Amino acid sequence: MIGVIMTFLLCVFFIVAFRKPQFVPRGVQNLGEMAVEFVEKNIIEEILGHKGPRYAVYLTSMFWLLLAFNITGIIPFMNIAVTSVIGLPLLLAILSWVVFNVEGVKANGLGHYLKNNLFPAGVPLPIYGLVTPIEFVSTFILRPVTLTIRLLANMMAGHLLLVLFFSATSYLLFDTAGFLKIFGLASYAMGFAFTLFEVLVAFLQAYIFTLLTAVYISGATADEH
């Protein structure tokens, strides 16, 4: 439900921002263009270059959806990141895996794509018996697994730390007496500090996930690896 709400709000924001675009942007349109340009300048152009426009909608949507889903961990009455439950990170990782493999096959053909990934150029023939299984596992199995675990673990860890500190705050301030209340204040301060830190983590995890997806697409669609 939280994911649906954040998706709806994000869609409303971009629809309002670009419903009646002006030559000189202002107001919500200005914010919308800044949001799009951030992903284009810092991820798409940097990693994909001239191939970037083809994937702009996908990567821009991925970044802002992930940021919206990550930030729910510190929004009152939501209090849990959508991405701290394995379903969504796994779904997005599988989707990225499908995209970069399909695009790689379309760009190079199935045979050439498999050859580039499983039989790197310049490797002595006898060594392929060792290198090829490693490349297969790394490219076709571990990539979605590592994307999922990286995002899930970071968001889950942040959620557990916030629960720990604020639960301790509640107990120490309201269920204890005397000098122990001082520790409640300290626990609250730590919880507040980690809340601010979680904003940074939410942004970084959205950025890293999108950046790695762009890197995988770039590598898959290159002529040689």
Side-chain angles (χ1 to χ4, degrees), residues 1-14 16-17 27-43 46 59-93 96 145-214:
M1 186 61 183
I2 294 175
V4 173
I5 293 172
M6 297 306 292
T7 302
F8 173 76
L9 292 176
L10 201 60
C11 288
V12 169
F13 168 74
F14 281 110
V16 171
V28 179
Q29 182 187 342
N30 194 44
L31 292 175
E33 291 196 4
M34 290 172 61
V36 172
E37 287 178 4
F38 173 81
V39 181
E40 288 182 345
K41 299 292 184 183
N42 294 281
I43 298 178
E46 287 285 331
L59 293 173
T60 302
S61 300
M62 171 176 283
F63 174 81
W64 288 107
L65 276 173
L66 278 171
L67 182 57
F69 292 156
N70 290 347
I71 209 71
T72 57
I74 60 170
I75 296 178
F77 306 110
M78 291 185 177
N79 299 325
I80 184 170
V82 180
T83 46
S84 65
V85 180
I86 192 171
L88 186 66
L90 181 60
L91 175 63
L92 292 176
S96 292
V145 172
T146 55
L147 280 175
T148 301
I149 292 175
R150 182 185 293 107
L151 178 59
L152 176 67
N154 278 280
M155 301 316 301
M156 183 181 293
H159 173 70
L160 292 176
L161 283 172
L162 291 179
V163 169
L164 174 64
F165 282 116
F166 286 120
S167 295
T169 298
S170 177
Y171 173 74
L172 291 169
L173 287 180
F174 302 111
D175 296 323
T176 62
F179 75 97
L180 288 178
K181 292 186 180 295
I182 297 175
F183 294 100
L185 295 175
S187 178
Y188 176 80
M190 290 296 295
F192 180 77
F194 268 98
T195 298
L196 298 179
F197 182 67
E198 276 300 291
V199 176
L200 177 61
V201 171
F203 172 83
L204 286 177
Q205 290 306 311
Y207 180 82
I208 291 170
F209 195 103
T210 309
L211 181 70
L212 287 174
T213 298

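Just so it is clear, the model here is predicted, and its values are computed rather than measured.
In this structure, OG1 on Thr83 lies 13.0 Å from CG on Leu90, to the nearest 0.5 angstrom. Remark: Ser61 OG to Leu10 CG distance equals 8.0 Å, nearest 0.5 Å. In this structure, the separation between CG on Leu162 and CD1 on Ile80 is 11.0 Å, given to the nearest 0.5 Å. We find the CZ-CG distance between Arg150 and Leu212 to be 5.0 Å, quoted to the nearest 0.5 Å. Here the straight-line distance linking atom CG of Leu161 with atom CE of Met156 works out to 12.5 Å at 0.5 Å rounding. Taking CG from Leu67 and CD from Gln205, the interatomic distance works out to 11.5 Å, rounded to the nearest 0.5 Å.
Thr210 and Phe63 make their closest contact through OG1-CA, 3.4 Å (heavy atoms, listed as atom of the first residue, atom of the second, distance). Nearest approach of Ala214 to Leu59, heavy atoms of both residues: CB-CD1, 4.0 Å. When all heavy atoms of Phe166 and Phe192 are compared, the pair lying nearest together is CZ-N, 3.8 Å. Residues Thr148 and Ala93 approach most closely at OG1-CB, 3.2 Å, considering heavy atoms. Considering every non-hydrogen atom in both Leu66 and Ala206, the closest pair reads CB-CB, 3.7 Å. Across every non-hydrogen atom of Val199 and Ile71, the tightest pair is CA-CD1, 4.2 Å.
For the pair Thr213/Met62, a side-chain contact is recorded, criterion being any heavy-atom separation below 4.5 Å from C-beta on. Counting heavy atoms from C-beta on, the side chains of Leu9 and Phe13 never come closer than 4.5 Å. You'll find the side chain of Met155 reaches within 4.5 Å of the side chain of Val201, heavy atoms only.
For Tyr188, the OH atom counts as loosely surrounded, since its 6.0 Å shell holds 12 or fewer non-hydrogen atoms of other residues, nucleotides or ligands. Within a 6.0 Å sphere centred on CD of Glu46, heavy atoms belonging to other residues, nucleotides or ligands number 12 at most.
Aromatic rings of Phe203 and Phe38 (six-membered ring for Trp) have centroids within the 6.0 Å cut-off, being under it.
With hydrogens and angles ignored, the 3.5 Å screen pairs a side-chain donor or acceptor of Trp64 with a backbone N or O of Ala35. Between the side chain of Ser170 and the backbone N or O of Ser167 there is no donor-acceptor pair closer than 3.5 Å. Without hydrogens or angle criteria, Ser96 side chain to Leu92 main chain gives a donor-acceptor distance under 3.5 Å.
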Original post:
For Thr195 and Phe165, what are the C-alpha separation, side-chain angles and deciding distance, and is it a side chain to side chain contact (heavy atoms under 4.5 Å, CB included)?
Top reply: CA-CA 10 Å; Thr195 298; Phe165 282 116; over 6 Å; no
Original post:
Given the rule in the side chain to side chain contact (heavy atoms under 4.5 Å, CB included) test, do Leu151 and Asn70 qualify, once you have shown the distances and angles that lead to the verdict?
Top reply: CA-CA 9 Å; Leu151 178 59; Asn70 290 347; 3.9 Å; yes
